[in-house]
There are 2 protein chains.
Amino acid sequence: MLNIKLPLTQAFVVGNVKAIQTALKAGADAMTLKELSGLLGLSQTTVSRALNGYPEVSEATRKRVAAAAREHGYAPNTRARALATGRAMAIGHVIPISSKHEMVNPVFGDFIAGAGEVYSRNGYDMLLSVVPDDDEDAAYRSFLTKRNVDGIILHAPTLNDPRIPLLNALGLPFVVHGRSSDAQAPYAWVDVNNKSAFQRATDFLLDLGHARIVLVNGLEHMDFAIRRRAGYEAALKARAIPPDPALMFAGEMTEAQGHDLTRSLLAGPNPPTAFLVSSMITAMGVRRGIEELGLTMSRDVSLITHDDDLSYFRNGADIPVYTATRSSVRDAGRKAAQMLIDIMQGRDTAHEILLEADLTLGQSTGPAARLKVETG
Amino acid sequence: MLNIKLPLTQAFVVGNVKAIQTALKAGADAMTLKELSGLLGLSQTTVSRALNGYPEVSEATRKRVAAAAREHGYAPNTRARALATGRAMAIGHVIPISSKHEMVNPVFGDFIAGAGEVYSRNGYDMLLSVVPDDDEDAAYRSFLTKRNVDGIILHAPTLNDPRIPLLNALGLPFVVHGRSSDAQAPYAWVDVNNKSAFQRATDFLLDLGHARIVLVNGLEHMDFAIRRRAGYEAALKARAIPPDPALMFAGEMTEAQGHDLTRSLLAGPNPPTAFLVSSMITAMGVRRGIEELGLTMSRDVSLITHDDDLSYFRNGADIPVYTATRSSVRDAGRKAAQMLIDIMQGRDTAHEILLEADLTLGQSTGPAARLKVETG
DNA sequence: CAAATCATCCAAAGCGCTGTGAATAGCCCA
DNA sequence: TGGGCTATTCACAGCGCTTTGGATGATTTG
């Protein structure tokens, strides 16, 4: 395997177009094993074994084969190899799109980046299936009966997600990004400790003297949202504060949602003094709402958000803008991919990874207004 | 083909786990054509032709075959089919990641969503290869010599992008999302008219009396950034205003970048009165900078941004927050995918699609402060 | 020096599907 | 009644690779 990779890497340095054209000669028709072995005067068996690092090939012929492969730009046909070995060397991702709002999860790009990194290091391809979240049947039919992947990553699990028993029944290895509360059977997963993160965040706001804390959550059938809410409620309960339904919201995590909600709450009677928000994007909307009303974040209203540490949306370089519960979704992608590969290859490995989120202090939190009056 | 799809769709209704378990019996080992034909007492040929809609099969047997396929949850093995037909029924995307900043293009998720929609409608899979943008050789080796895709979508083209002659030389059908200025050979592409969009936007700001307009652009080796800058400069030139290098910036399009740049410019001598920004995310940073200085967007400083109409980042539901040059990247994804499929299937089709961006009026633009003094 | 061992290499049988080139059977017409 | 059709169906040869189960000499061993 390695024997093939190294030489070609040289040939494909971007910009070095001439070398590539030479290497691959007449365009579209790549060389086959048969042709290569014919050229070398060896059997297909020997050439195949030489390239795949089997021991029963002399070092001399192995070198000769490797050189020829490089020279002629030979690489095994994936389809043929997959058919022969029974392994597709590909991993499938089902990307659900909110059918109501046609929304793509913004977290997805970074997760993919992390996972893709691990895949390519291990010789796996990534197969994507983008489907409306109320019509995932097509995607599963494709992956499962067409057998074009060896494993699956499941995104955005819901409460007691029916896809989990389904995949379990089918025997295809899979790893869930997130968890599914109330799931009957065991399954492998990588998740952030959403409950503990939001409990700590709520605690922190309570410590600052905030009593009316708004929870701006994701859609309530999503598992992560359920856990975040549980964390929020646990923190309140610990101080004997009954959760107020008027302060708890669930919905798509858009900027506009955050903005509209904030405006109406702050303009209403008995306004809240703090917001706990499920995504950076929504948090930006909340801040816009705060500032449009002439209020100042941190001084008048506090704000904590969850931060997936998205590459294109960093929470400030030096001092974070927002106080946040932070956990890199890209890292989660890496970990989930590695776990899946380990499982597929029969390695003994942890099937459950719970990542703790950092609580990073930013410029969006401060003591509740009430306290300020006392001290100032 | 259709014959297979319909029945399975029923079996796979999410939640109907029992039906699935029944349909696929003993888990992982799917049925083969050989088994199915044996069961039916027919030859593999006949079964295959029946399922693939060939005319030389009697309607009676076709029905019988379809029913059996449904009952046993049969679907052809993709790998075997690909090997036999020579078509992989998959399309590859090479997703470059900025190697300097490890940044994933936020536009990518929505583009994929649009393209994926078209792919699944046409029976194609989507293969993703995530690679650092200075090391794309591995991705191309994989796609081209391993032959696991029938076509490629190229993202984020640069000035005279070397990947274009490369793919042309290799004879693999491909479509570029964007264009590559100075490219020698022809190629198929779907692009937004970046130049005209930014020219119109600049014109609009000039009409409002703004003279010092900052251009906050993407990385300058990216083709779209070059064209946007050209539009900006053309508008200035039309009014005999020499472009001021001190007002033109290029960089990664992050929120922090926009913020920092805005603060330093507005705090400096001879501050600008308007910003023309290449992405919503950066625009949010610009606005944060404006507001932190106690200024008001639109009244004190105007702002126009490009808006890719990302699903998770809509520019306000009713009245847009930002005045923007808007073009849906998701729609571009659909169009690029369709074009590629048309090309691969030898259909006669347009190889160049230039999408015009809307200039939508929002709440971020207003007359330059100078004019306000005159009128107020 | 014959027998056993080793190091190399190879022919051939699949993997599960498609597609070509018949074969078979039923039917029509002269 | 026999030749010519049409409508169905089938056997078989690949697609390009891996892998099993030998071959073939060369080398070692008792």
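In what follows, chains carry the letters A, B, and so on, assigned in the order in which the sequence lines appear, proteins first and then strands, with residues in each chain numbered from 1.
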Query raised in the report: Within less than 4.0 Å of OP1 or OP2 of dT18(C), is there a side-chain N or O belonging to S48(B)?
Result: yes
Taking the side chain as every heavy atom from C-beta outward, state whether R62(A) and V65(A) have any pair of such atoms under 4.5 Å apart.
no
Heteroatom pairs (N/O) under 3.5 angstrom, protein to nucleotides 9-14 of chain C:
residue	atom	partner	partner atom	Å
dC9(C)	OP2	S58(A)	N	3.3
dC9(C)	OP2	T61(A)	OG1	3.0
dC10(C)	OP2	S43(A)	N	2.9
dC10(C)	OP2	S43(A)	OG	3.3
dC10(C)	OP2	T46(A)	OG1	2.9
dA11(C)	N7	T45(A)	OG1	3.4
dA11(C)	N6	T45(A)	OG1	2.6
dA12(C)	N6	T45(A)	OG1	3.4

Exercise. Taking only the side-chain nitrogens and oxygens of Y54(B), find out if one of them lies under 4.0 Å from OP1 or OP2 of dA7(D).
Key: no
Inset, instruction - Quick one: do E35(A) and L39(A) satisfy side-chain contact (heavy atoms from CB on, under 4.5 Å)? Show the steps, please. - result: CA-CA 6 Å; E35(A) 288 164 14; L39(A) 240 60; 5.7 Å; no
For this session: Answer yes or no: is there a side-chain heavy-atom contact under 4.5 Å between I91(A) and I341(A)?
Result: yes
Checklist entry - Between the side chain of N52(A) and the main-chain N/O of Y54(A), is any donor-acceptor distance below 3.5 Å? => result no
When you measure from the side-chain N and O atoms of N52(B) to the phosphate of dT18(C), is any distance below 4.0 Å, counting only OP1 and OP2? yes
Side chain to side chain contact (heavy atoms under 4.5 Å, CB included) with F174(B): of I153(B), N168(B), V149(B), only one passes, and it is N168(B)
- Task: For N122(A) and Y124(A), indicate whether the former's side chain and the latter's backbone hold a donor-acceptor pair under 3.5 Å.
- Result: no
L33(B) atom CG is separated from dG19(C) atom P, nearest whole Å, by 12 Å
Rounded to whole Å, CZ of R81(A) lies from C1' of dT19(D) at a distance of 13 Å
Per-helix bend value, the helix from dC1(C)-dG30(D) to dA30(C)-dT1(D), C1' rotation axes over five pairs per end, 10° rounding, shows 60°
